[in-house]
Amino acid sequence: MEIIWKGETEAADRIREGTEILANEAGDAAEALAVSVKFWEKEELYVKREGGQVEICCKEPAHYFRALNRALHWPAGQAMEQTETVYFPKNGFMLDCSRNSVFTADTVKALIRKLARVGMNVLMLYTEETYEVPGKPYFGIYRGRYSREEIREMDAYAQLFGIELVPCIQTLAHLRNTLKWPYGAELQDSEDILMVGEEKVYAFIEDLLRAVKESFSTRRVHLGMDEAVHLGLGKYLKKNGYRESAKLMKEHSARVLAICKKLGLEPMIWSDMYITSNTGGAYYDVDETTDTSGWEKPDRELGLVYWDYYNADGALYRNMLRVHQELTDHVIFAGGAWNWNGIAPNYGRAFRCTVSALNACREYRVPEVFCTAWMDNGSETPLDAVYPGMVLFAYLGFHQEVCKEELRQEFADCVGGRLEDFWQLDAFDSLFTGMGENMGSNNPSKYGLYQDVMLGLFDDHLRGIDTGTYYGELAEKMASCAKTSPAYADLFAFYEEFARVLARKAGLGIRIKAAYDADDRAALQAICTADIPEAMEHLQKMKLLREQLWMKDAKPFGYELLDIKLGGVLTRLASHKRRLESYLDGRLVRLEELEQERLPYFDDPQGAQDVMRENRWHYIVSGCSLMDTI
């Protein structure tokens, strides 16, 4: 598509290259579009299209690209005029590159284009130790860390679209992967937490921050510092005696803030340690009458990121925002895309929590919000599954309420697929609740895949449910989605095979146990000759499709663990077949694992709809210990 610029040349120069990139992706090469753009100070975004004429008025380039994308996808024969309010000056997205998948520069660039289409202006790269630090060869080794050149390349590309690329690192906890190397011993308080007060620790942190400053163009940096629940209780305790974690947090954040000031950096941290260390309770258990005047507080220049992916109660969000505003002048909110439920996303919870959260943020005039896309437990969920949560988050930056039809259209214009197709992925873990209602984040698709069918750790909870029919029908829906959203045919092909595996395997252990107890050898023989081979056939296809998706999106580092997980299921199914055949032909007179009583895995099987979640693979695969073997 040819772009003809009208109006202010200086304004057009700021967004010329990004415009050409998006126009070439979206438009007819033979079509010409005359674009006039004006930047103003209003918190409004205006776009008008009549035929081949487009007029846009906005505050910044990122908002311009949102308007441009709307105009590019508007039918040429129809007039369009639209005004939106910008509710959050900064509205962004955080991509987790530390849970084994480090996404390639090309993948990040493709994501940047999608962020531009929805008007987001911040992209955080969450890199615990997956970025290059000069002089520290073990930092991020074997993990696919980003080189300085890769970061600068992504940074420059983001700037084409008015998007700020922000480093999101760790400077207190979540550093197990790097502290495991020999140099980590002198820096540790415990396995994954740095030693507060140790001078070598602050020299180490300064090296990290210098590396960040030299790689990113922004001066803002997210320092992490979350979930350090054992702060001061390891080597620090032995060396210094007990000190309250609130005092340790204040001391540590002050030291790191001083380094940031020295380097000209503007820091923010996750807020949970400041809340929990002051209250002594859980993060969200802050009473509405709580008085924070006596709390240990950070420097008011330090940004505090209130993260909450879990709650649908608007009153809770408002109370937490009130507390945060009493602690800092720079409150930032982080919600979640809920792509980390297991192997399939939980859009129902993402949508309900996001709407409640951003309504409260709008009311409290929070200046910055962003949507997190964590890749928990080894990036089992493909990257493309983040898009519904991401697009909703962006949409609510410009609207007070959700219009479903508008959101569907915005999703299609941004992502190139149908929202209703993606929404079908919610069904994988809605087995107990129904679509969109999985507020407990049950994840039966994960333990249905990984659990050992001869042991049946989760069978008590799946008993009486026709998983064969449920997942068989879902497989057909996935095949249909691949046709109606062809740009994501590979994604839906993976989930089709996943559903076919679950249709054969999720209830297999229950059937094996029942046949064994009844001495129904014909049923056991049918399982050996048909059910197990069919499950293995579909699992092999699923595994190959997941590998292809991974290698398309991310560096190869880290896939080895997902390969081992899925390969382990194949290996165990083959072993089960041999065990059953040995029993059927008389070489074994009993199968001890099938004589083991099946007990509930979760505490409250009667009210299990809100407790049936297990996302730790090493707990799912066996009742024995995988980790503590020495």
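The figures here come from the full heavy-atom set of this structure, side chains too, leaving out hydrogens, waters and symmetry mates.
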Ring pair (Phe, Tyr, Trp, His ring centres under 6.0 Å) against Tyr310, all qualifying residues, sequence neighbours excluded: Trp338

Would you say Gln82 has more than 12 foreign heavy atoms packed within less than 6.0 Å of its CD? yes

Any Lys/Arg nitrogen of Lys109 or Glu153 sitting under 4.0 Å from an Asp/Glu carboxylate oxygen of the other? yes

Checking Tyr309 against Trp340: is there a side-chain donor and acceptor pair closer than 3.5 Å? no

Report the residues that fulfil salt bridge (charged side-chain N to carboxylate O under 4.0 Å, His left out) with Glu20, sequence neighbours left out, ordered by chain and then residue number. none

Using a strict cut-off of less than 4.0 Å between a Lys/Arg side-chain nitrogen and an Asp/Glu carboxylate oxygen, indicate whether Arg66 and Glu410 qualify as a salt bridge. yes

Could you tell me which residues satisfy salt bridge (charged side-chain N to carboxylate O under 4.0 Å, His left out) with Asp272, sequence neighbours excluded, listed by chain and number? none

Contacts of type ring pair (Phe, Tyr, Trp, His ring centres under 6.0 Å), residue Tyr306, not counting sequence neighbours: His324, Phe333

For Glu405, check salt bridge (charged side-chain N to carboxylate O under 4.0 Å, His left out) against everything at least two apart and list the hits. Arg408

Under the salt bridge (charged side-chain N to carboxylate O under 4.0 Å, His left out) definition, can you give me all pairs with a residue in residues 468-482, not counting sequence neighbours? Glu476-Arg500

Applying side chain to side chain donor-acceptor pair (under 3.5 Å), name anything that partners Tyr126, two or more places apart in sequence or on another chain. Glu128, Gln170

Inter- and intrachain pairs under salt bridge (charged side-chain N to carboxylate O under 4.0 Å, His left out), touching residues 436-452, at least two apart: Arg352-Glu437, Glu380-Lys446, Asp452-Arg572

N/O donor-acceptor pair under 3.5 Å between Asp429 side chain and Pro345 backbone: no

Within the distance-only criterion (no hydrogens, no angle test), does the side chain of His461 pair as donor or acceptor with the backbone N or O of Tyr601 below 3.5 angstrom? yes

Check ring pair (Phe, Tyr, Trp, His ring centres under 6.0 Å) between Phe492 and all other residues, then give those that pass, not counting sequence neighbours. Phe422

Flag side-chain contact, heavy atom, 4.5 Å: Tyr495 against Leu425: yes

For Lys552, all residues meeting side chain to side chain donor-acceptor pair (under 3.5 Å), sequence neighbours excluded: none

With Phe398 via ring pair (Phe, Tyr, Trp, His ring centres under 6.0 Å) - residues at least two apart: His63

Phe428 vs Phe498 aromatic rings, parallel, tilted or perpendicular, using cut-offs 30° and 60°? parallel

Looking at every non-hydrogen atom in both residues, tell me the closest pair between Met120 and Phe393 and how far apart they are. CE-CB, 3.9 Å

Hey, are Glu84 and Arg70 close enough for a salt bridge, meaning a charged N less than 4.0 Å from a carboxylate O? no

Who passes side chain to side chain donor-acceptor pair (under 3.5 Å) against Arg152, sequence neighbours left out? none

Between Phe411 and Trp423, is the gap from one ring center to the other below 6.0 Å? no

